[in-house]
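Throughout, a chain's letter reflects where its sequence line sits, starting with A, and its residues are numbered from 1. Remember, predicted model here, so these are calculated numbers, not experimental data.
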Number of protein chains: 2
Amino acid sequence: MKKSKQATIVDVASEAGVSIATVSNVINRRKVPMSPETVRKVEEAIARLGYRRNVMATNLSRRRSNELGLVLPHFGGYYGRFAEKLERKFHRYGYHLSVFSAADMDPEVEMRHIEHLLQRRVDGLVSHGLAISMHSTQQLVGEGTPLVIFNGWGWPSDITKLAVNLDFAKASSEAVRYFLAHGCRAVFYAGRRKGMGANDQRIEGFLAGLDGETRADVHALLDAGDLGVAGVLEEALRLSGDIRPIGIYTFNDSLALELIAECHERGIRVPDEVQLIGMDNEHFAKASYPSITSFEMPVDLQASLVTGFLMRQMGEELDEMSAELLDSYLNQMQGHELLIDMEMVVRNSTQNG
Amino acid sequence: MKKSKQATIVDVASEAGVSIATVSNVINRRKVPMSPETVRKVEEAIARLGYRRNVMATNLSRRRSNELGLVLPHFGGYYGRFAEKLERKFHRYGYHLSVFSAADMDPEVEMRHIEHLLQRRVDGLVSHGLAISMHSTQQLVGEGTPLVIFNGWGWPSDITKLAVNLDFAKASSEAVRYFLAHGCRAVFYAGRRKGMGANDQRIEGFLAGLDGETRADVHALLDAGDLGVAGVLEEALRLSGDIRPIGIYTFNDSLALELIAECHERGIRVPDEVQLIGMDNEHFAKASYPSITSFEMPVDLQASLVTGFLMRQMGEELDEMSAELLDSYLNQMQGHELLIDMEMVVRNSTQNG
DNA sequence: CTGTTAGCGCGTTCAG
DNA sequence: CTGAACGCGCTAACAG
């Protein structure tokens, strides 16, 4: 009650008429034997004073924070869902997760967040592999803090022990083959430079998918950042001459939706003339007109693997299921990059059946 | 270098051959005069050792954290954007913002986050006015921590000094009147119970909008949670008999999009037979087919007002523009709830012109 | 200009 | 079971 500030453990101790050690024992539910009477007195004092433990003091003293940090490109869609999953999973192990957005890949903001997390002495870090350079990350994180990357490619193993990646390349190949198998002799990839590594993976997969038995007469890589959405469509149509239908595989559902809008505008029929496949399986992909064929993001699985690996690296005991799951993936891993398959969800923006 | 742990201020001091006070002065760029030579030595030592300040120790000692917390219903759409804006604005005042999602209104998760923020001794809190009960909040936050609510109605002034709300009621009235002025003699509100306060506001505005010069022959409140999306459409059509067009004002764009999909499914023409107005002006509202008439969320303005008020409450000096803006809103405030107008964006899901 | 020292709130021995 | 004492890393007077 002194100074009308927050009560401390000392206040509680004197209020309950015990020592601070006892209060600490009660708070942390230690195994040391205490009389129920004592426990009750302490708990009452805590309630009466509205005592709330100061985690800064706790962590300082314990020399560990039980806090983890997650850095996202932004909060929207898949990333937000991933964050929520991850938070819940870490919580089961007694860790608290703080989530930060790099505000759509602003390197300065991203840097600030990572620096702050490190200053807060988080026990571990999870980050997308995007905005800031690997060098900066190296500098920042150094040897100290365990770092797991998700959706990042080509990270040296001295900075991260593991990257948990969605297999965009494979999905992209699948998309191309789907187009080829469904009458498209002209196929395009509509990308986003800004997607960086994730964009490169899609390109790689796209090109690989072209090498099947059925071949495309026309194909090209287009970028929505350079050409704009309308520009992408125009260029695709121009390159295709009178080949129909054409297939456009897009960086994400959002871009696919915009292309559909562009088609409506010009009276181009989807999927008769233009077929589209997106990525992310966003909510609107199902409800758009026509609905968008896309790839479902295995958010939960990805979060489980990230959690499992980081927890194990930090010396936590995994439950049997988690351990088994993690190991099965680690076994078939190449380098220190682990790949997760994605499933295509066929809808009406492609010819189906 | 001892124990291969993180270097401390003591390590830096001895490495540089100065006292820890000097190091502290350098780190915090205090106004005390120091020889450039000393500063250089300290900075070199810092770089050499890879020293990074421990904010827990700093905050403990300073008895303030310079940290703020934000609790969101979830990370998606408007909320995520709001969070990013807020983070940037607070940063200008030297505060760091940690954002948490209640995982789509899970009260337990929400509670956990608030409790954790309080244990971290954040200097202030911003929260949506939704999942947890006011009573719990009362308990949790008590007198100690400044709290600003956004989009929350009916909060007692002893727990929050200010609620910064989007004027959903006004927008809803406007939506209804738009329908009436554009030939709809049957109008409906398609809500979401889960929206709670925000849903109530829409209902209130919807009903108020019915009381203009032009009247509706049929109107009703429908809930997508109870009836499902298809159910809402069916019920609206049933109640309307052969009145056409009908107008459906929806809780948000997402629901509007689903209703459009439902219309496509049944061959119902939008906007000829059914007109729709959504809310949030999400990215897909513009690109959907037909595009969705919606209300733009003044995220930046709302974030500015929240920032301004909280900063002032915490004794920070606002710049002139911010102060002026804040005051102009505070002056026309009723109670301690401040209302922000939203602008309707007319698109093709309504008859326009 | 620089060094000393007493806290900040809590965890952790270790003798009682 | 309990209480005293030290340490965590840093800030903030206060001396020098």
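- For Ser35(A), the listed nucleotide lying nearest its side chain is dC1(D); candidates were dG3(C), dG11(C), dC1(D).
- Nearest nucleotide to the side chain of Ser61(B), out of dT4(C), dT11(D), dG9(C): dT11(D).
- Residues Thr22(A) and Asn25(A) have side chains that never bring a donor and an acceptor to within less than 3.5 angstrom of each other.
- Residues Gln6(B) and Asp11(B) bring no donor and acceptor atom of their side chains to less than 3.5 Å of each other.
- In this model, the phosphate group of dC8(D) is not approached by any side-chain N or O of Arg121(A) to a distance below 4.0 Å at OP1 or OP2.
- Rounded to a whole Å, the CG atom of Asn66(A) is 19 Å from the P atom of dC8(D).
- Between Met56(A) and Leu60(A), every side-chain heavy-atom pair lies at or beyond the 4.5 Å cut-off.
- Straight-line distance from the CZ atom of Arg52(B) to the P atom of dC10(D): 12 Å, rounded to whole Å.
- Distance CG (Asn54(B)) to C1' (dT11(D)): 13 Å, rounded to an integer number of Å.
- Going from atom CE of Met56(A) over to atom C1' of dG9(D) covers 13 Å, rounded to whole Å.
- Taking every side-chain heavy atom of Arg63(A) into account, dC8(D) is the closest of dC8(D), dA12(D), dG3(D).
- Out of dT2(C), dC10(D), dG9(C), the shortest distance to the side chain of Ser19(B) is found at dT2(C).
- Here Asn25(B) does not reach the OP1 or OP2 of dC1(C): none of its side-chain N or O atoms lies under 4.0 Å away.
- Of the candidate nucleotides dA12(D), dT2(D), dG9(D), dA12(D) has the atom lying nearest to any side-chain atom of Arg62(B).
- For the residue pair Glu337(B) and Trp155(B), the shortest heavy atom distance occurs at OE2-N, 3.9 Å.
- Side-chain proximity of Leu60(A) to dC10(D), dC8(D), dG11(C): nearest is dC8(D).
- Applying the 4.0 Å criterion to OP1 and OP2 of dC10(C), one finds that Ser24(A) has every side-chain N and O outside that range.
- With dA5(D), dG9(C), dC10(D) as the choices, the nucleotide that has an atom nearest any side-chain atom of Thr8(A) turns out to be dG9(C).
- Side-chain contact of His113(A) with Glu108(A): a donor-acceptor pair under 3.5 Å is absent, judged by distance alone.
- For Gln119(B) and dG9(C), the CD to P distance is 15 Å, given to the nearest whole Å.
- As a whole-Å value, the separation of Leu118(B) CG from dG9(C) C1' is 16 Å.
- Leu118(A) has its side chain within reach of Leu125(A): a pair of non-hydrogen atoms, C-beta onward, lies under 4.5 Å apart.
- Atom pair Ile20(B):CD1 and dC1(C):P shows a separation of 20 Å (rounding to whole Å applied).
- One can place CG of Leu49(A) at 14 Å from P of dG9(C), the figure rounded to the nearest angstrom.
- The side chain of Ala21(B) lies closest to dA12(D) when the candidates are dT2(C), dA12(D), dT11(D).
- Of the two residues near DNA chain C, Ile27(A) and Val39(B), the one whose nearest nucleotide lies more 5' is Val39(B).
- Note on Asn59(A): nothing from the nucleic acid sits closer than 4.0 angstrom, heavy atoms only.
- Put simply, Thr38(A) has a side-chain N or O that comes within less than 4.0 Å of OP1 or OP2 on dT2(D).
- Toward the 5' end of DNA chain C, the nearer of the two residues Ile9(A) and Pro36(B), judged by each one's closest nucleotide, is Pro36(B).
- Residue contacts shown for Val55(B) are absent, as no nucleic acid heavy atom lies under 4.0 Å away.
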